[in-house]
2 protein chains.
Amino acid sequence: MSPRRVTLADVAKAAGVSRTTASLVLSGRGRELRISQDVEQRVLRTAEELQYRPNIVSRGLRTGTTRTIGFVSDTVATSRLAGDMIKGALEAARDRGFMLIIGETEGDAELERLLLQAMHDRQVDGLILASMFTRTIKVPKAVTTAPAVLLNALPKQPAPLPAILPDEVEAGRRAARVLLDAGHRDGIYLIGVGPRLRDVPAESLAAVERLVGIRAALGEAGVKVAGARTCPDWQPEYGLSATRDLLRTVRPRALICFNDRIAMGAYQALDDFGLKVPADVSIVSFDDHPIASWMRPQLTTVALPHYELGRKAVDVLFGEIGRDRSAGDGAGEVHRVPMPVRHRESVAPSSGADAGG
Amino acid sequence: MSPRRVTLADVAKAAGVSRTTASLVLSGRGRELRISQDVEQRVLRTAEELQYRPNIVSRGLRTGTTRTIGFVSDTVATSRLAGDMIKGALEAARDRGFMLIIGETEGDAELERLLLQAMHDRQVDGLILASMFTRTIKVPKAVTTAPAVLLNALPKQPAPLPAILPDEVEAGRRAARVLLDAGHRDGIYLIGVGPRLRDVPAESLAAVERLVGIRAALGEAGVKVAGARTCPDWQPEYGLSATRDLLRTVRPRALICFNDRIAMGAYQALDDFGLKVPADVSIVSFDDHPIASWMRPQLTTVALPHYELGRKAVDVLFGEIGRDRSAGDGAGEVHRVPMPVRHRESVAPSSGADAGG
DNA sequence: ATCGGGCGCTAACACGATTTAGCAACGGAG
DNA sequence: CTCCGTTGCTAAATCGTGTTAGCGCCCGAT
């Protein structure tokens with residue numbers, strides 16, 4: 001049925017040279033090893049005519065490199081995060097002629113072991129260990145077999161692995177600054193965590209870092225958080241109940257919601273109380289989930305740079321592949337990717353005192 | 001640094017047999033080829049002790065099979081669809097010891113060519129060509145090199161490729177039946193397409209099939225669609241404007257929205273007009289997008305079975321890999337995956353006449 | 001005439017598995 | 001004693017590429 005693949009031997013034969021010569025020419029080492037212009041041209045032309053493509057499997061056997069990297073995540077299905085992150089990784093890899101083998105562990109250590117084994121069996125040139133929400137993970141022993149980076153995660157025990165993470169602290173500062181720039185100084189409440197640094201979900205790095213950034217930026221402006229409501233889980237229903245709870249006692253001027261799903265619940269609660277966004281209450285949030293631009297008014301939010309995270313992971317991984325890892329310098333480096341603000345419609349200038357200083 | 005991989009030769013040497021014998025035993029052909037119990041046990045035990053794992057790259061060179069399948073989609077980032085589809089494919093593949101190499105074309109034919117080439121270079125055992133929204137696609141010539149299936153797509157020109165699609169016609173029937181079962185017979189409007197069969201977006205298979213199903217089920221119950229509003233794109237903003245437009249002239253009792261994003265817009269429009277879901281207007285929709293369960297009231301919708309689609313694609317692909325493709329029987333078969341109804345809160349019994357027959 | 005050396009290319013091995021062909025030993029039949 | 005068939009294993013080829021070592025030729029120098 002399908003015609004047999006054309007191989008290096010075919011090209012060599014057709015060009016009237018040895019396999020060695022053909023190989024040298026096609027790997028670009030012809031000049032270096034004194035192959036004549038004449039022969040070089042003939043081989044190149046023949047390869048072109050026959051549409052020769054080197055067999056990567058064979059090359060992999062010989063050289064040990066398969067031009068393939070493994071992307072292992074806890075789950076690829078939850079949230080849209082995975083998609084953009086994979087897309088970024090995919091494109092960065094493609095730029096270098098690499099492909100991605102993907103797998104998901106669902107948080108199961110045994111599954112993870114099998115998966116890493118399967119990737120090792122296929123001789124991947126590097127590994128990306130990704131988490132779908134920012135957190136610390138236990139690095140499996142098996143990853144020492146190939147260069148590896150952590151994506152959206154930090155190692156639980158200190159490990160010589162680079163990590164790529166969104167810059168959540170700066171994101172917190174930016175969210176706060178959006179409100180400050182609009183003149184808000186009073187009645188700023190948090191929905192999701194806080195107000196104290198210990199009032200955050202245990203596993204979530206993002207929560208504590210965002211909070212740190214928010215408090216820093218507000219503090220520098222001499223502004224204090226008026227109050228906060230925590231959410232057991234960052235889902236719309238809890239954003240709704242937390243905001244309702246808040247509205248029973250106070251009238252906030254601005255809310256910083258710790259993610260967009262919470263903000264969605266907050267919108268519903270405000271609507272219940274007859275309050276308008278942003279006229280009565282300004283809202284700024286985090287993540288830039290797709291719903292953020294579907295909500296009315298459209299939500300101003302600090303975006304998780306999923307695509308850039310994926311790209312960066314691949315870039316760092318290639319640095320790692322090239323590096324002599326026994327040297328160990330700069331091994332556990334943490335790379336922070338900036339989170340951009342998406343200015344939309346949910347923030348209005350403070351109607352109160354424009355009292356600047 | 002990392003200790004060299006243990007190879008078949010190592011096992012053979014340690015067990016005091018030839019590589020051939022070790023290979024035969026480990027591939028389970030020992031009995032068949034008269035290897036003694038004694039030797040067989042020794043080899044198995046040695047392999048176990050040394051933690052031998054066959055190198056798939058090497059095996060791939062010899063046998064031509066890499067236990068890897070290629071998943072090519074137009075895009076993996078848009079919508080959550082990709083995630084669950086890939087997840088389903090991933091798990092079905094893993095059940096058979098296969099891994100997925102993924103790539104995306106972004107609708108670019110040249111990119112697609114390069115991608116298929118790259119997968120061919122890596123000797124994938126099969127290909128899944130996936131589309132992120134149901135449509136007809138031009139099947140690239142290159143796919144004839146390996147067994148392939150279409151996922152969420154039909155071939156534009158007749159091609160001997162199996163296709164896996166959601167059962168949209170039946171989904172349309174189910175959506176209609178949800179309303180009929182609740183007693184609705186009058187004031188049923190469509191948002192997104194229709195009312196005529198030609199009032200649908202050109203590229204979208206789902207639109208026309210859903211409409212066919214809706215009309216069939218309603219027709220069988222002797223019910224007619226009261227009216228419809230089309231949307232240029234199935235996004236919340238168009239759902240909003242279409243529904244507003246509708247509400248300016250009539251008071252519907254029920255809406256069938258052609259997807260959840262449109263339904264989100266419809267919710268907003270109904271809210272603007274002071275109408276309550278489901279007390280005043282029942283709504284049923286399609287897709288089961290994550291937002292469907294975040295909306296208030298939660299949206300009743302007919303779900304796209306992404307996970308099952310992914311699984312099914314892999315199952316069919318393995319059938320294809322096993323089959324003698326030169327036979328050509330059952331080549332272009334179309335597999336339909338049922339779309340389940342997610343009963344939630346947006347449909348209420350018709351407050352009008354309970355007049356059944 | 002002989003030797004050394006640069007030039008241009010190739011023979012041969014290696015990678016790690018699978019698979020074909022066949023070898024050595026043994027026992028029984030003639 | 002010879003021949004043949006069976007048993008139990010192994011040598012060697014193979015897949016397609018990369019890489020090392022080296023071969024033959026020609027030219028110039030001695």
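Since the model is a prediction, treat every value here as computed from it, not as a measurement. Chain naming here is simple, since letters A, B, ... match the order of the sequence lines and numbering starts at 1 in each.
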Whole angstrom is fine here: how far is it from [atom1] in [X] over to [atom2] in [N]?
X: Asn55(B); N: dT18(C); atom1: CG; atom2: C1'; result: 13 Å
X: Arg31(B); N: dC9(D); atom1: CZ; atom2: P; result: 12 Å
X: Glu40(B); N: dC9(D); atom1: CD; atom2: P; result: 10 Å
X: Gln123(B); N: dC15(D); atom1: CD; atom2: P; result: 13 Å
X: Gln37(B); N: dC9(D); atom1: CD; atom2: P; result: 11 Å
X: Arg62(B); N: dA13(D); atom1: CZ; atom2: C1'; result: 8 Å
X: Leu26(A); N: dT19(D); atom1: CG; atom2: P; result: 13 Å
X: His120(A); N: dG16(C); atom1: NE2; atom2: C1'; result: 14 Å

NZ/NE/NH1/NH2 to OD/OE distance under 4.0 Å, Arg42(B) and Asp38(B)
yes
Arg113(A) and Asp108(A) ion-paired at < 4.0 Å
no
Determine the contact category for [X]: base if any of its heavy atoms lies under 4.0 Å from a base atom, sugar-phosphate if only primed atoms, P, OP1 or OP2 are that close, otherwise nothing.
X: Ser23(A); value: base
X: Thr21(B); value: base
X: Val57(A); value: nothing
X: Leu8(A); value: sugar-phosphate

[X] side chain N/O closer than 4.0 Å to the phosphate oxygens (OP1, OP2) of [N]?
X: Thr7(A); N: dT17(D); value: yes
X: Ser18(A); N: dT10(C); value: yes
X: Arg59(A); N: dG18(D); value: yes
X: Ser36(A); N: dC9(C); value: yes

In this structure, are over 12 heavy atoms from other groups packed under 6.0 Å from [X] atom [atom1]?
X: Glu32(B); atom1: CD; answer: yes
X: Arg96(B); atom1: CZ; answer: yes
X: Gln51(B); atom1: CD; answer: no
X: Glu48(B); atom1: CD; answer: no

Which residues satisfy the side chain to side chain donor-acceptor pair (under 3.5 Å) test with Arg45(A), sequence neighbours excluded?
none
5' priority, DNA chain D, between Thr63(B) and Arg42(B) [closest heavy atom]:
Arg42(B)
Heavy-atom distance under 4.5 Å between the side chains of Gln157(B) and Val139(B), does that happen here?
no
Let me have a per-nucleotide readout for nucleotides 20-25 of chain C, 5' to 3', with B, S or -, counting only protein heavy atoms under 4.0 Å.
B-----
Residue whose closest nucleotide on DNA chain C lies nearer the 5' end, Arg19(A) versus Leu61(B):
Arg19(A)
